[in-house]
Asks: 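A single structure is presented below for examination.
All values reported here derive from a predicted model rather than from experimental measurement.
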Amino acid sequence: MLFMEFSRCCEQLEGISGRLEMIDVISRVLLGLSPEELPVFVRFIMGRIFPDWSSQKLGIGPNLLYEAVHLASGFKSEIVIDRINKTGDVGKAVEELMSKKSQISWSHQDLEILYVYNKLISISARGGTTSQKEKIRTAMLLLGDASPLESRYLARIMLEELRIGVGEGSVREAVAKAFAVDSALVEHAAQAINDLGEVARLAKTGPAALADVKITLFHPVRMMLAQQGTIAGMIEDHGMVAAEYKYDGSRFQFHKKGNDCRLYSRRLEDVTSALPDVLSQLLSSTGHDVILDGEVIAIKDGKPMPFQSVLRRFRRRHDIAEAQEAIEMVPNVFDILYLDGEMLIDLPFAGRRNLLVSVLRQHVAPQVVSSDPAVIEQTYNDALSAGHEGIMLKVTTSPYTPGQRGKNWIKIKPEVDTLDLAVIGAVWGEGKRAHVFGSFLMACQDQGKLVPLSWVATGFSDDQLAEVYDLLKDQVISKSKNEVRFEPGLVFEVGYAELQASQTYEGGFALRFPRFIRIRDDKDIPEIETIESIRDRYMSQSKSAQAYQD
């Protein structure tokens, strides 16, 4: 497949608003691809380069890309940045610049999609003191060989932000349609191997290949997610439920084969070297080959410490021994996904729990199973008294669904309602905060697109604003007067008093009294709230208000 064909496909999809039409277009393209091209096309069409389980990064931020565009186009860096700022779209700005580039020419060639992929892989492998120059040179040569249209999507892929509205669900349906396989089989395989590109390659082989997919050790899968709910609602719907403490820590996934073990964060980053004490505790707790799901908390004087104390350890790369002495880290394991060669995600939660208790000698999270609201309420109060956030309620018959946020896991906590949202823009602060960003534009996701939902400007300390500035200053992709837009990557937890219908924002909703709660750098963009879940919250809120009035 030529990269030009891929680019034309992207351009076509960018002009389509209907999901079914998108699925039809993608499915037709998939049919014509080779087994080698399929994984690359599928990842690219979702704005990704690497499998979701991989911790590889391209390592090209906005500034390196702008330098590559400057060198490839012949336009001065100031002109490149000015054009991007005025356009507000890196891809279209680069396309415009490359269509007007000076006669400085590189040897042109028709770009194959596999050639582009291999060049991007070579960029990610660059390291050492000369890595930035080498990355820029490779990106420059790719852009130099690209047509203007190709450069639009090449630039976006380098930032892993394709902006054509193709979500994972649409691609799953397109794979199922193209190769005449059950969409549920495609979804299950994607949950197990966490790489929709590889799933597409297997689907081309046939349904039997998909059915044989199993979780692989040291290829982390996405973690099952929870949504908000009530004790009464869960018991009314399910009767018997399992109640566990909701910890104010960080999720982890522990993989072990023999004495070889690794630890992965919620974002599936390998954090083994940062948490040797946690690794040691888990390794000594079982002799089996396992994949465990749990949450690590920081303890001081017998009490849990705030979430940020845990994150500091997850981020740490140096002076690990000193950090271990300063903060005690304790793992709490509440699920098992794999045991001695067998994938367990399809088993009911109660069955997985029994296996977990049988193979893990320590660190199993406490659990109460009951259909009595009073018993669950007491567990909730016990959790708060112990310094935890609240409780999780889990349906005992439910499977483990990687990456899914459903009603099988419900979180109960006393705080104001909160949403995990992506930071996509900001305006500069005023007065003593003029040197940092002061207000932030937050977005939810809608079928692969990020949809603005609210600005948030309250709840920040000066130190937090300084930290956020350091995290975002190199992610600016455009500027307009006092406002900047970012390459999406940072997630905030935002509290609010009420959801309101609004024509101000594209998604049709706005937050009343939004307030910054904390940075969620343990979460990635695919884990933020969807417009569907926000719509559900709004409807539930409206029903509650109506019931109160009645």
Asks: Check the pair Arg518, Asp248 against salt bridge (charged side-chain N to carboxylate O under 4.0 Å, His left out), reporting the backbone distance first and the verdict last.
Replies: CA-CA 12 Å; Arg518 59 184 175 180; Asp248 190 17; 2.6 Å; yes
Asks: Could you tell me whether Arg520 and Asp522 have a side-chain N and a carboxylate O separated by less than 4.0 Å?
Replies: yes
Asks: Could you check whether any side-chain heavy atom of Ile164 comes within less than 4.5 Å of a side-chain heavy atom of Ile45, counting everything from C-beta outward?
Replies: yes
Asks: In terms of side-chain geometry, is the basic nitrogen of Lys449 or Glu161 positioned less than 4.0 Å from the acidic oxygen of its partner?
Replies: no
Asks: With the threshold set at 4.0 Å, does a side-chain nitrogen-carboxylate oxygen contact exist between Lys523 and Glu269?
Replies: no
Asks: Would you indicate whether the side-chain heavy atoms of Asn408 and Thr401 approach each other to under 4.5 Å?
Replies: no
Asks: Can you tell me if Asp301 uses its side chain to pair, donor with acceptor, with the backbone of Lys303 under 3.5 Å?
Replies: no
Asks: Measure across Ile23 and Ser170 and return the closest heavy-atom pair with its distance rounded to 0.1 Å.
Replies: CG1-O, 3.6 Å
Asks: Side chain to side chain contact (heavy atoms under 4.5 Å, CB included), that's the test. Do Gln445 and Ile531 meet it? Break it down for me.
Replies: CA-CA 6 Å; Gln445 58 177 319; Ile531 194 68; over 6 Å; no
Asks: Does the separation of the ring centres of Phe509 and Tyr538 fall below 6.0 angstrom?
Replies: yes
Asks: I'd like to know if Lys411 pairs up with Glu389 as an ion pair, taking the criterion as any Lys NZ or Arg NE/NH1/NH2 lying under 4.0 Å from an Asp or Glu carboxylate oxygen.
Replies: no
Asks: How long is the straight-line distance from CD1 of Ile391 back to CD1 of Ile412, given to the nearest 0.5 Å?
Replies: 6.0 Å
Asks: Angle between ring planes, Phe349 versus Trp409, binned at 30° and 60°: parallel, tilted or perpendicular?
Replies: perpendicular
Asks: Provide the closest heavy-atom pair for Glu198 versus Pro39 in the form atom of the first, atom of the second, distance.
Replies: N-CB, 4.2 Å
Asks: Run the salt-bridge test on Glu532 and Arg535 with the 4.0 Å N-O cut-off and return the result as yes or no.
Replies: no
Asks: Would you mind checking if Arg222 and Glu168 are paired as a salt bridge, meaning a charged N to carboxylate O distance below 4.0 Å?
Replies: yes
Asks: Less than 4.0 angstrom from a charged side-chain N to a carboxylate O is my criterion; do Glu244 and Lys394 meet it?
Replies: yes
Asks: Check whether Ser284 reaches the backbone of Ser280 with its side chain - one donor and one acceptor, N or O, closer than 3.5 Å.
Replies: yes
Asks: Could you tell me whether the side chain of Pro220 reaches within less than 4.5 Å of the side chain of His255, counting heavy atoms only?
Replies: yes
Asks: Could you verify whether a donor N or O on one side chain and an acceptor N or O on the other, from Thr272 and Asp270, lie under 3.5 Å apart?
Replies: yes
Asks: Under 6.0 Å between the ring centres of Phe252 and Tyr264?
Replies: no
Asks: Can Gln191 and Asn194 be said to form a side chain to side chain contact (heavy atoms under 4.5 Å, CB included), step by step?
Replies: CA-CA 5 Å; Gln191 289 175 349; Asn194 204 18; over 6 Å; no
Asks: Count the heavy atoms of every other residue, nucleotide or ligand shown that sit under 6.0 Å from NZ of Lys204, and state whether that count exceeds 12.
Replies: yes
Asks: Is a salt bridge present between Asp195 and Arg43, judged by a nitrogen-to-oxygen distance below 4.0 Å?
Replies: yes
Asks: Between Asp382 and Gln378, do the side chains contain a donor N or O and an acceptor N or O under 3.5 Å apart?
Replies: yes
Asks: Do Ile336 and Phe254 have side chains that approach each other closer than 4.5 Å (heavy atoms only, starting at C-beta)?
Replies: no
Asks: List the residues meeting side chain to side chain contact (heavy atoms under 4.5 Å, CB included) with Pro366, not counting sequence neighbours, and say none if there are none.
Replies: Tyr245, Tyr247
Asks: Flag yes if more than 12 heavy atoms outside Phe513 fall under 6.0 Å of its CZ atom; otherwise flag no.
Replies: no
Asks: Could Arg48 and Glu160 be called an ion pair, given the rule that one side-chain N must be under 4.0 Å from one carboxylate O?
Replies: no
Asks: Take Asp521 and Val491 through the test side chain to side chain contact (heavy atoms under 4.5 Å, CB included) and record every step on the way to the result.
Replies: CA-CA 6 Å; Asp521 55 0; Val491 176; over 6 Å; no
Asks: Can you tell me which residue among Phe486, Phe460, Phe492 is in a ring-ring contact (aromatic ring centres under 6.0 Å, His included) with Phe437?
Replies: Phe486
Asks: The test is side chain to side chain contact (heavy atoms under 4.5 Å, CB included); show your working for Ile519 and Leu471 and say whether it passes.
Replies: CA-CA 10 Å; Ile519 297 171; Leu471 291 170; 3.9 Å; yes
Asks: Would you please name every residue forming a side chain to side chain contact (heavy atoms under 4.5 Å, CB included) with Ala298, sequence neighbours left out?
Replies: Met305, Ser309, Val310, Ile327, Met329
Asks: Between Val290 and Leu337, is any pair of side-chain heavy atoms under 4.5 Å apart?
Replies: no
Asks: Give a yes or no on whether a salt bridge exists between Glu173 and Lys177, defined as a side-chain N under 4.0 angstrom from a carboxylate O.
Replies: no
Asks: So do the side chains of Pro452 and Ile424 get within less than 4.5 Å of each other, counting heavy atoms only?
Replies: yes
Asks: Within this structure, what is the CG-CG distance for the pair Leu356 and Leu339, rounded to the nearest 0.5 Å?
Replies: 10.0 Å
Asks: What heavy-atom pair brings Phe516 and Gly459 nearest, and what distance separates the two atoms?
Replies: CD2-O, 3.7 Å
Asks: Applying ring-ring contact (aromatic ring centres under 6.0 Å, His included), name anything that partners Phe334, two or more places apart in sequence or on another chain.
Replies: none
Asks: Using a strict threshold of under 4.0 Å (side-chain N to carboxylate O), is an ion pair present between Arg19 and Asp24?
Replies: no
Asks: Is the closest side-chain heavy-atom distance between Gln227 and Glu529 below 4.5 Å?
Replies: no
Asks: Count the heavy atoms belonging to other residues, nucleotides or ligands that lie under 6.0 Å from CG of Leu20, then report whether that count exceeds 12.
Replies: no
Asks: Assess whether side-chain hydrogen bond (donor to acceptor under 3.5 Å, both in side chains) is satisfied between Asp346 and Tyr400, documenting all intermediate values.
Replies: CA-CA 6 Å; Asp346 296 323; Tyr400 189 99; over 6 Å; no
Asks: Do Leu282 and Leu263 come close enough that some side-chain heavy atom pair is under 4.5 Å?
Replies: yes
Asks: Check whether any side-chain N or O of Asp420 sits under 3.5 Å from a backbone N or O of Ile528 as a donor-acceptor pair, and report yes or no.
Replies: no
Asks: Check this for me: does any side-chain nitrogen of one of Glu487 and Arg156 sit under 4.0 Å from a carboxylate oxygen of the other?
Replies: no
Asks: State whether the side chain of Ser461 and the backbone N or O of Gln464 hold a donor-acceptor pair below 3.5 Å, judged by distance alone.
Replies: yes
Asks: From the options Gln253, Glu527, Glu295, select the one residue that forms a side-chain hydrogen bond (donor to acceptor under 3.5 Å, both in side chains) with Arg266.
Replies: Glu527
